[in-house]
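The structure appears below as structure tokens.
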Amino acid sequence: MAEPFEAMVAEEVDGKVVARLATLTFADLPDHDVLVEIACSTLNYKDGLCVSGAGRIARRLPMVCGIDLAGTVVDSRSPDWKPGDRVVVNGWGLSETEWGGYSRYQCLKSQWLMRLPDGFTPEQAMAIGTAGYTAALAVDALERHGIDKGRDVLVTGAAGGVGSVAIALLAKAGYRVVASTGRPGEADYLRALGAAEVIDRATLAGKGGPLQKERWGAAVDSVGGQTLATVLAQATTNGAVAACGLAGGNDLPGSVFPFILRGVALLGIDSVYAAMPRRVAAWNRLDRDLDRGLLARMTTVAGLTDVPRLAHEIVAGQVRGRVVIDVAR
Ligand code: NDP
């Protein structure tokens, strides 16, 4: 264990919330029961909002940013965890109300920790991160509801983190996946992940009728807004749509007709406070079904000092796939 160490901390400066590197010691950390040495964290859309200041994510200041982390327990007052245990933490209010993963060390509540599956290195776990684990929660939710294997499954925000992992998982499970993207230059990348077809996201962005031609047996949507309303209007009878995100807007300008005339189900996905059994199931699916070569293909690695630049890029929709943050860099 070595202190002092660096962390990306959001603070109020001249009335504005600014995230920057700060030096911490163990005495600065919260008094929770498990101390973890963090190997890596990751960059999610919510991290982008927090670090860039584009969204008010941190609800108390100062706040160590980073909504997830992977690492090793170095000290524990909990009977459930001992030094040397490999752990992953997603959500639980990290970077909102609790100090998060953009740090070399963090003190955490024992009940937030999940054992890292043996099949993953910490870097691979953060290549998945909250975005990938959310994709797995969404696919699990759709399968619990029931997906018609014969119908297309749509993934919106396809070249982003949630979208990339969702495509890989759905294709591996045998579905015909259609990827919706605003970046036609990423078509080869999306096909390599398993998309059978790539469509222009503009085709979902315009206001249409409340019930349109039935196209999607199921969908994973990370865009929200008019896109989600259109996806619902194009869902097949008894189809299901997993709503994960708001990259395109937090409104839902549609009608109830898909629900009451076609029996379409809208499934909400909340990764932050998902119950532990759901988390374990999602990570088991990722361990079983996510091709490690594809995971490497969708991943880049950056350091803590790169986070402010990357934060602006992900909010602008310019980041492809997943970014691991090596907190020692
Ligand atoms: P990314 O930025 O990696 O991906 C979002 C993608 O959405 C972009 O790559 C882009 O895909 C598309 N997009 C961006 N802006 C727009 C726009 N204005 N209109 C239409 N499409 C757009 O983010 P993540 O994958 O990490 O997260 C996706 C969403 O899911 C976010 O809103 C995030 O907050 C949410 N989320 C929710 C979670 C939950 O618990 N419910 C957990 C994790 C994430 P393309 O270029 O291919 O069109």
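As the structure is a computational prediction, the values presented were derived from the model and not from experiment. Order of appearance sets the numbers: ligands from 1, and atoms from 1 within every ligand. Computed from heavy atoms alone, side chains included, the values below leave out hydrogens, waters and symmetry copies.
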Here the gap from Thr134 atom OG1 to Asp270 atom CG, rounded to the nearest 0.5 Å, amounts to 8.5 Å
Using side chain to side chain contact (heavy atoms under 4.5 Å, CB included) as the criterion, list what pairs up with Val319, not counting sequence neighbours.
-> Leu43, Glu313, Ile314, Val323
Residue of the set Val87, Asp85, Asp80 for which side chain to side chain contact (heavy atoms under 4.5 Å, CB included) holds with Arg115 | Asp85
Ion pair present between Glu11 and Arg20, side-chain N to carboxylate O less than 4.0 angstrom?
-> yes
Salt bridge flag under 4.0 Å for residues Lys82 and Asp75 | no
Please work out whether the ring planes of Phe5 and Phe26 are parallel, tilted or perpendicular, with thresholds of 30° and 60°.
-> tilted
Run through ligand 1 for me and note each protein residue having a heavy atom under 4.0 Å from it, chain first, then residue number.
-> Tyr45, Thr130, Ala131, Thr134, Gly157, Ala158, Ala159, Gly160, Gly161, Val162, Thr181, Gly182, Arg183, Arg201, Ser222, Val223, Cys244, Gly245, Leu246, Ala247, Gly248, Ile269, Asp270, Ser271, Ile314
